[in-house]
Amino acid sequence: MKKWAFVLIFMLLLLPLNTVFAKNDTQEGRELTATVATYNLHAGIGTDGKYDLDRIAATIRDMDAEVIGLQEVDVHWGDRSNNENTIKLLAEKLDMEYFFAPIYDFDPASAGEPRRQYGVAILSKYPIVSAANRNITRLSTQDPDPEPKLAPGFLEAQININGANVWFYVTHLDYRGDPSVREMQVQDMLKVMSEHQYNILVGDMNAAAEADELQPLFLWFSDSWAMTESGNGYTYPAASPEKRIDMILASPRMKVNNVQVYSSLASDHLPVAADITLVRGSHSLTTDGMKILVEAFLENDEIASEEAAHALTMHLQALHYYESHGMKDKMIKHLGTFAGLLQQLKINEAISEHAYTTLQEDAEYLQEKWESK
């Protein structure tokens with residue numbers, strides 16, 4: 001071996017391994033895009049009345065969805081789906097991880113057979129770090145004389161999307177014309193989801209985005225379809241859609257790039273997929289995202305007064321101007337001023353610890369990003 005080769009090897013051994021093999025770790029490199037989706041499977045039964053999981057799998061494959069929430073999922077439920085474990089079979093066909101959250105969980109029809117279950121599920125090309133079946137209010141379709149009460153079937157999953165730690169929720173809200181159960185479900189979901197701040201909520205809402213009972217969701221989430229303004233987004237019924245009830249809602253700390261409804265007759269609903277830009281960690285991408293958070297914190301009494309929220313919003317409006325015009329020095333200086341305002345509000349007990357920490361971390365992230373430009 002030549003002398004220069006020995007020298008090169010010796011020098012490499014002196015370097016830390018993370019220096020030799022490190023990837024680009026710029027702030028821009030912390031951003032990535034993932035395709036998420038929602039699909040009401042109708043138990044795998046298409047508009048022709050036939051059960052066919054291969055059609056469902058083909059539809060999901062065509063969307064190239066990386067994380068997808070599913071509703072009306074049968075697991076050994078009955079004849080309509082050949083008593084199959086439909087989510088396990090789909091995961092195998094698509095080579096994805098899965099988690100199933102039953103709404104109904106009944107004894108088998110005959111001894112020795114699997115339990116009969118029906119609910120919501122998630123499929124993911126990324127690791128499912130943890131998952132749980134959370135309770136929200138339901139009015140059972142299986143009890144002869146039901147009353148609204150807490151019941152399982154609200155899926156919560158922590159997904160590691162190439163370093164971005166995302167909490168993914170899947171829901172199927174009450175279908176009845178009376179919105180009272182959906183109102184309770186929305187409040188229950190918000191309570192569960194408040195435990196985390198970098199969230200995506202997908203599902204069959206059984207109500208239009210304009211419905212009064214859904215409005216509390218939009219204090220904390222951006223409606224992906226409304227952000228893209230591309231068509232009507234109708235998803236139901238699949239053969240001749242006239243309602244937009246299947247939705248993807250993203251944290252304001254995320255950026256929705258595009259959203260699309262896919263044509264398929266494999267179910268009585270059409271699936272929806274969105275490309276969403278995420279950040280490794282859990283931080284707002286823009287000052288607009290931070291403004292939405294301020295509005296939500298005020299609405300939920302985590303900012304003590306209109307005056308305090310107004311002061312934060314005015315600072316963020318100025319920062320948005322500097323951001324949109326690429327004014328690096330102004331951004332860095334005024335992000336520091338914004339952090340000082342947050343500190344003063346905290347001292348005056350005009351902001352909750354949760355709201356303070358969230359906005360402070362976002363300001364620090366943006367400052368690091370702009371300093372690296």
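Residue numbers run from 1 in the order of the sequence given.
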**Q** Got a sec, which hydrophobics cluster with Tyr236, joining ILVMFWY side chains under 4.5 Å apart, including via others?
**A** Ile245

**Q** Starting from Tyr51 and following side-chain heavy-atom contacts under 4.5 Å between hydrophobic residues (I, L, V, M, F, W, Y), which residues can be reached?
**A**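 Tyr51 shares its hydrophobic cluster with Tyr39, Leu41, Ile45, Leu53, Ile56, Ile60, Met63, Ile68, Leu70, Val73, Val75, Ile87, Leu89, Leu90, Leu94, Met96, Tyr98, Phe100, Leu123, Tyr262.
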
**Q** Please list all pairs passing the salt bridge (charged side-chain N to carboxylate O under 4.0 Å, His left out) test where one or both residues lie in residues 323-349, with sequence neighbours left out.
**A** Lys346-Glu353

**Q** Test question: given the 4.5 Å side-chain rule for I, L, V, M, F, W and Y, name all other residues clustered with Tyr175, or answer none.
**A** none

**Q** Excluding sequence neighbours, so at least two apart, what forms ring-ring contact (aromatic ring centres under 6.0 Å, His included) with His42?
**A**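 If we apply the ring-ring contact (aromatic ring centres under 6.0 Å, His included) test to His42, skipping adjacent residues, there are no hits.
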
**Q** Any side-chain hydrogen bond (donor to acceptor under 3.5 Å, both in side chains) involving residues 138-148? Give me the pairs, sequence neighbours left out, ordered by first then second residue.
**A** Tyr104-Thr141

**Q** Taking salt bridge (Lys or Arg N to Asp or Glu O under 4.0 Å) as the test, write out the residues that go with Lys93, two or more places apart.
**A** Asp54

**Q** What residues form a salt bridge (Lys or Arg N to Asp or Glu O under 4.0 Å) with Lys125, not counting sequence neighbours?
**A** Asp64

**Q** List for me each residue that meets ring-ring contact (aromatic ring centres under 6.0 Å, His included) alongside Phe338, sequence neighbours excluded, and say none if there are none.
**A**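 In terms of ring-ring contact (aromatic ring centres under 6.0 Å, His included), with neighbours along the sequence ignored, Phe338 is linked to no residue.
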
**Q** Could you list the donor-acceptor pairs under 3.5 angstrom formed between side-chain atoms of residues 153-162 and any protein atom two or more places apart in sequence or on another chain?
**A**
from	atom 1	to	atom 2	distance (Å)
Glu156	OE1	Arg134	NH1	3.2
Glu156	OE2	Arg134	NH1	3.1
Glu156	OE2	Tyr169	OH	2.9
Gln158	OE1	Ser130	OG	3.0
Gln158	NE2	Asn165	OD1	2.9
Asn160	OD1	Gly163	N	2.8

**Q** Can you list every pair that meets ring pair (Phe, Tyr, Trp, His ring centres under 6.0 Å) and has a residue in residues 290-312, with sequence neighbours left out?
**A**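 Checked against ring pair (Phe, Tyr, Trp, His ring centres under 6.0 Å) - neighbours excluded - the pairs reaching residues 290-312 are Trp220-Phe297, Phe297-His354.
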
**Q** With sequence neighbours excluded, what pairs up with Thr33 under the side chain to side chain donor-acceptor pair (under 3.5 Å) test?
**A**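 Thr33 satisfies side chain to side chain donor-acceptor pair (under 3.5 Å) with Thr277 only.
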
